[in-house]
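Only one structure is covered here, and it is reproduced in the block below.
Quick caveat, the model's predicted, so the values are computed rather than measured.
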Amino acid sequence: MTAPSLHPTTLHMRRGACPALSAPMMTGDGLLARVALTDAISPLQLVDLCRLARIHGNGILDISARGNLQIRGLSEASAPLLDADVRALNLPLREGLAVETPPLAGLDDTEIADPRPIADAIRLGARDIAGLAPKMSVVVDGHGQLRLSHLLADIRLVAVKMGDDISWKLLLGGSEASAGVLATLDEAEAVSAALDLLGKLASMGNGARGRDLAANLLRDNGELPTTSPFDLFVLADSLHAVGIGPAFAQSKAEDVIALCVEAERLGVRFLKPALDHSLLFFGQRPACEALAVFAAENGFITSAADPRAHIAACPGSPACRSASIATRDVAEETARGCSDLLDGSFKLHISGCPKGCAHPEPAALALCGTFAGLSLIAQGKATDLPVADITIADTKATLRRLADLVRSEKRAGENSAACLARLGADRLAAAAISGRP
């Protein structure tokens, strides 16, 4: 198969665009290509991808928050070769608009409705719509065990039960909790409305997003519970799924290969990259349980109780040219020293720069790299004003002081996120600087 030609300008993408298989993005450790899938693959197919990552890149794989595989360390010479070799594997590659469904879609008998037919219809119809923003996304959620509620989406359809009927709630912009509710529709109307909105967004220019249409519609839908993928899920027809993830979204190819070889040996049938930087493996319960044990023994996240599951860290320096700190080192230290703070009620955001790629939503607590050290941000994004500035050397001690403050101030039944919000910026700033000479 002949590789699609890569024009030199595609190798240095403009800000706001997403990397793709045929349009990789330059980072600190070379070009990064994204492999987005629309369906499950076998463990051995992921082994093939990992081997290509070693041949053409630096052997490092990312799993994005939205469940996309990313291959790092490509060169301008190797990127087209990777493109051709991946396409030769005949994987279910996503082309065009990102229309996302939960990773258990169609297999989860707790779903109100299977979202895949609607997603397929929108994906097909959107092929004729030119001029959409590069990061435009549509979420179609059947309301099962694993939701996509916290993922940002320009257009969102969520299944709702209305008596004996199934309808689809149409929302615009943001997460499900923050998005504006536009209408409640049947299946055919939902597809038509989503395509009409995409057409309207395209007519507004390629920078227009769902939030622009929703400006006069936004209302708070209330806090929505989130479910971790790091668990064992019971599905239809005696099928089970287990969620496993690399620490801080990144792994060496050889480690993923070992995990997949073990999955194949145990009889695991297929897998999907999934939300929150995870891989969902599908098989019989004993196989899934045994694979989770193997994964935990080899450094993977297998439980929501693992503090590493509650840290959103970008690749950091030196992998990203924009980063000024080694985010993974900070994250490792934090997970070891402040596990009591990381109770699952919030994501600690550790960002190498103010772009905040790893967690675009506000976080209860964030650390952002600067040329002088780190900024400590409360209830905000990486771009927001800090409550305190800290040095790299004092990072661990500062976070320990904050963890101690939360532990001492927590009320009965209160989680870390609620306690941080109640304490406020001034109390957190005072605790952050209290141990300085």
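Judged by distance alone, with hydrogens and angles left aside, the side-chain atoms of Asp154 form no donor-acceptor pair with the main-chain N or O of Gly173 at under 3.5 Å. In this structure, the side chain of Ser64 engages the main chain of Asn68 through a donor-acceptor pair within 3.5 Å. Between the side chain of Arg321 and the main chain of Asp29, no donor-acceptor pair closer than 3.5 Å is present. Looking at Ser339, its side chain never comes within 3.5 Å of a backbone N or O of Arg336 through a donor-acceptor pair. The closest donor-acceptor contact from the side chain of Arg209 to the backbone of Lys135 lies under 3.5 Å. The closest donor-acceptor contact from the side chain of His277 to the backbone of Ile63 lies under 3.5 Å. In this structure, Asp255 contributes its side chain and Ser251 its backbone to no donor-acceptor pair below 3.5 Å.
Ser78 and Ser75 share a side-chain donor-acceptor pair at under 3.5 Å. A side-chain donor-acceptor contact under 3.5 Å links Ser322 and Lys355. A side-chain donor from one of Asp276 and His150 sits under 3.5 Å from a side-chain acceptor of the other.
Between Ala432 and Ala388, the shortest heavy-atom distance links the atoms CB-CB, 4.1 Å. The nearest pair of heavy atoms linking Pro307 to Ala335 is CG-O, 3.6 Å.
Of the listed residues (Leu37, Leu280, Leu46), just one forms a side-chain contact (heavy atoms from CB on, under 4.5 Å) with Leu271, and that residue is Leu46.
A salt bridge does not link Glu332 to Arg328: none of the charged side-chain nitrogens sits closer than 4.0 Å to a carboxylate oxygen. For the pair Lys381 and Asp384, the salt-bridge criterion is not met [side-chain N within less than 4.0 Å of a carboxylate O]. Ionic pairing of Arg156 and Asp141 is not present here: no N-O contact between side-chain nitrogen and carboxylate oxygen is shorter than 4.0 angstrom. Ion pairing between Asp120 and Arg123 holds under the 4.0 Å rule for side-chain N and carboxylate O. A salt bridge between Arg401 and Asp394 is present, with a side-chain N of the basic residue lying under 4.0 Å from a carboxylate O of the acidic one. The existence of a salt bridge linking Asp83 and Arg87 is confirmed by a sub-4.0 Å separation between a basic side-chain nitrogen and an acidic carboxylate oxygen. Between Glu361 and Lys347 there is no salt bridge, since none of the side-chain N atoms of the basic residue sits less than 4.0 Å from a carboxylate O of the acidic one.
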Report task. Evaluate the salt bridge (charged side-chain N to carboxylate O under 4.0 Å, His left out) criterion for residues Asp340 and Arg400: first the C-alpha distance (whole Å), next the side-chain angles of each, then the deciding distance (0.1 Å), finally the verdict. Result -> CA-CA 10 Å; Asp340 51 340; Arg400 186 63 258 166; 2.8 Å; yes
Query raised in the report: Would Ser175 and Ser178 count as a side chain to side chain donor-acceptor pair (under 3.5 Å) if you check the C-alpha gap in whole Å, the side-chain angles of each, and the deciding distance to 0.1 Å?
Result: CA-CA 5 Å; Ser175 65; Ser178 65; 3.2 Å; yes
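Atom NZ of Lys252 has 12 or fewer heavy atoms from other residues, nucleotides or ligands within 6.0 Å.
Ring planes of Phe282 and Phe270: parallel class, angle under 30° (limits at 30 and 60°).
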